[in-house]
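Shown next, in structure tokens, is the structure this report addresses.
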Amino acid sequence: MPDNRNPRRPDVPLVLAPEVADALAEGRPVVALESNVITHGLPYPQNVEAALAVEKAVRAGGSVPATICIADSAIVVGMSDVDIERFGTTAGIPKVSSRDLAVTLATGGAGATTVASSAVCAELAGIPFFASAGIGGVHRGAQTTMDISSDLVQFTRSSVAVVCAGAKKILDLGLTLEFLETHCVPVIAYQSADFPAFYCRSSGFRSPQRIDDEDVLARVIDMHWALGNQGSVLITSPVREADAVDGAEVDAAIADALVAADRDGVRGNAVTKYLMRAVDHATGGRSATANAAVLASTAEVAGRLAAAHARLLAGRR
Ligand code: PSU
Ligand code: MN
């Protein structure tokens, strides 16, 4: 594969898939995707199926998918289907968030990128759009644990438009919104009113902004960066009504999962995976089906919005 180092950062090893490199060179839309959802988000074989379905959905939206990982001391932007299968079936590939990137790259291991580290890599590769159904956020009880996902902190630093279905209710979504407000990150609900909660259509919190037109949204993203802001723009799109999971059922499963996590002494970057698995287990097949549906619908919306943004930029040339 070609080494496609960013001329402004020649020391960063960046390997772009040929299709991604071509699209970027021609100004065609690309949507970056994370790989931690493959290694840590879902069990095999749903993880591989979902990752491939997400890429297909980005294409259906009119953009080129670029799933990101770390392999052989390089940032891979655009994993092949073989890469995805390998990540989905190999045990022990570490979760690599922003602060872990340098260690993983310099020591030569493989790594699965989170939302935070994928945003860093997307920006280095010159990809302004990123999609993930569920972002990290402020955890419940963060007042004492101080557990706040690096995803949120990275949103204050990386100029990437992040399309998501909000975040899972395992988090404190009210505090998550407060954090984003404090750190000047725009939160915009696309064709919806509320901040969504992954497989639930609403978190119970109204989104601070709503925009229904994709071309207007493209202008907003462009303007945010034109104003000199260096952070992300968060855009939400909820799960379809027919695919949503009942909120009360999820709430009960989360309450049990939080007690179990505390009992088992789960700490640090292991907390998110532990809680997600416990809730998935408790809600059985329903959450798995909803999970797949929301992953694909978020990716498709991201594909359409990235295409609108690329049209805006092309209109200027
Ligand atoms: N939320 C999900 N699915 C996921 C994650 C979060 O619904 O797979 C993963 C993402 O990779 C996200 C990471 O970036 O968890 C956040 O982990 P932490 O809370 O440790 O920052
Ligand atoms: Mn954490």
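As the structure lists them, so they are numbered: ligands from 1, and atoms in each ligand from 1.
Considering only non-hydrogen protein atoms, atom 9 (C) of ligand 1 sits nearest to N36 ND2, 3.5 Å. Nearest protein neighbour of atom 16 (C) of ligand 1, counting heavy atoms only, is D151 OD2, 3.7 Å. The single protein non-hydrogen atom nearest to atom 2 (C) of ligand 1 is M276 SD, 3.3 Å, given as residue, atom name and distance.
The side-chain hydrogen bond (donor to acceptor under 3.5 Å, both in side chains) test with T113 is passed by exactly one of S98, S97, S118: S118.
At a 4.0 Å heavy-atom cut-off, ligand 1 touches V115 through backbone and side chain alike. Counting heavy atoms closer than 4.0 Å to ligand 1, residue T114 contributes atoms from both its backbone and its side chain.
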Starting from the C-alpha separation in whole Å, work towards a yes-or-no answer on ring pair (Phe, Tyr, Trp, His ring centres under 6.0 Å) for F129 and H309. CA-CA 9 Å; F129 271 80; H309 186 254; 5.4 Å; yes

Evaluate the salt bridge (charged side-chain N to carboxylate O under 4.0 Å, His left out) criterion for residues E300 and R59: first the C-alpha distance (whole Å), next the side-chain angles of each, then the deciding distance (0.1 Å), finally the verdict. CA-CA 7 Å; E300 210 230 302; R59 291 186 196 283; over 6 Å; no

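Ligand 1 has a nitrogen or oxygen under 3.5 angstrom from a nitrogen or oxygen of G134.
If you check each of T272, L42, I135 against atom 18 (P) of ligand 1, the one with the closest non-hydrogen atom is T272. With atom 7 (O) of ligand 1 as the reference point, the heavy atom nearest to it among E34, K273, K168 is part of K168.
You'll find the side chain of C164 reaches within 4.5 Å of the side chain of T236, heavy atoms only. Between Y190 and D212, every side-chain heavy-atom pair lies at or beyond the 4.5 Å cut-off. Counting only heavy atoms from C-beta outward, the side chains of L42 and L295 approach each other to under 4.5 Å.
Ligand-side atoms of ligand 1 in range of S149: 16 (C), 18 (P), 19 (O), 21 (O), range being under 4.0 angstrom from any heavy atom. In the vicinity of G41, heavy-atom distances shorter than 4.0 Å reach the ligand 1 atoms 8 (O). Applying the 4.0 Å criterion to heavy atoms of V37 picks out, from ligand 1, the atoms 8 (O). Residue K95 has at least one heavy-atom neighbour below 4.0 Å for each of these atoms of ligand 1: 17 (O), 18 (P), 20 (O).
With hydrogens and angles ignored, the 3.5 Å screen pairs a side-chain donor or acceptor of D213 with a backbone N or O of D215.
In terms of distance to the Mn ion (ligand 2), the nearest N, O or S atom of D147 is named OD1.
If you chain together hydrophobic residues whose side chains sit under 4.5 Å apart, V120 and I148 never meet in one group.
For the pair E214 and R219, the salt-bridge criterion is not met [side-chain N within less than 4.0 Å of a carboxylate O].
Remark: distances from the non-hydrogen atoms of H139 to ligand 1 include one below 4.0 Å.
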